[in-house]
Amino acid sequence: MESADVNVTGTLMWYYHICHRQVWLIARHIVPEQDHTNLELGRFLQETAYTRNKKEVTVGHLKFDLIKKKDGQLVVGEVKKSSRYQESATMQLALYLYELKELGIEAKGELLFPEEKKRINVALTPELEQKIEQVKKDILRIVYLESPPQPVKGKYCRNCAYGNFCWA
Ligand code: SF4
């Protein structure tokens with residue numbers, strides 16, 4: 001990969017908590033087999049996105065689901081269909097809060113699961129900031145590896161579109 005700047009996006013942060021091999025593949029735009037693309041995209045959208053009334057807000061390379069003011073405080077919201085991948089979603093949102101802070105913008109976060117009528121507050125703490133910094137470094141380490149990390153059989157492999165690539 002060229003040594004051009006790679007932005008650690010919310011997507012890469014998300015996949016870091018699913019599978020490090022996917023981080024490498026997605027960063028290099030290596031798409032799964034055609035037959036599986038819809039499956040993968042469908043699964044991703046179904047699990048992560050809640051598209052009804054959704055309007056994305058873009059700040060630089062960051063894309064939020066919504067941004068609002070609440071009690072005088074800026075709040076970034078990330079809307080998900082299911083809380084199944086809560087750790088990934090929390091870290092994705094924490095990355096947004098971290099990057100905003102770097103731009104001088106203090107914000108809080110809300111993970112919203114409308115279908116589960118669930119809302120989880122996410123706030124940056126020194127510990128979370130430290131974790132974000134460590135994970136960002138590790139994502140870049142993975143992205144710049146010459147070959148992808150070895151596959152590790154896990155619970156996400158069963159529905160993964162890269163299955164044949166990893167295990168055939
Ligand atoms: S099949 Fe498993 S190891 Fe391979 S990319 Fe998918 S989740 Fe990762």
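FYI, the numbering just counts along the sequence from 1. Bear in mind the structure is a predicted one, so any value in this text is a computation, not a measurement. Excluded from the calculations below are hydrogen atoms, water molecules and symmetry mates; all remaining heavy atoms, backbone and side chain alike, are included. Counting starts at 1 for both ligands and their atoms, following the listed order.
Listed by number with element, the atoms of ligand 1 under 4.0 Å from a non-hydrogen atom of V152 are 3 (S).
Of all the heavy atoms of I18, none lies under 4.0 Å from any atom of ligand 1, so neither backbone nor side chain is involved.
With hydrogens and angles ignored, the 3.5 Å screen pairs a side-chain donor or acceptor of R28 with a backbone N or O of V143. A donor-acceptor pair is defined here as one N or O able to donate and one able to accept, closer than 3.5 Å; such a pair exists between the side chain of R21 and the backbone of P149.
Classification of E78 and K63 as a salt-bridged pair fails, no side-chain N sitting under 4.0 Å from a carboxylate O.
With respect to atom 5 (S) of ligand 1, the closest heavy atom belonging to the protein is Q22 CG, 3.4 Å. With hydrogens left out, the protein atom closest to atom 8 (Fe) of ligand 1 is C19 SG, 2.3 Å, a heavy atom. When only non-hydrogen protein atoms are considered, atom 1 (S) of ligand 1 lies nearest to W167 NE1, 3.4 Å. From the protein, the heavy atom lying nearest to atom 6 (Fe) of ligand 1 is C160 SG, 2.3 Å. For atom 4 (Fe) of ligand 1, the closest non-hydrogen atom on the protein side is C166 SG, 2.3 Å.
Side-chain contact check for E115 versus K80: every heavy-atom pair is 4.5 Å or farther apart. A 4.5 Å side-chain heavy-atom check between I132 and E99 finds every atom pair outside the cut-off.
Proximity of F165 to ligand 1 is not established, as no heavy-atom distance is less than 4.0 Å.
Considering V152, I142, L145, I139 in turn, I142 is the only one that fulfils the side chain to side chain contact (heavy atoms under 4.5 Å, CB included) rule with H20. Here the rule is side chain to side chain contact (heavy atoms under 4.5 Å, CB included) with Y96, and of L62, V122, I67, D65 only L62 fits it.
Here the shortest heavy-atom distance to atom 2 (Fe) of ligand 1, taken over P151, C157, G154, belongs to C157.
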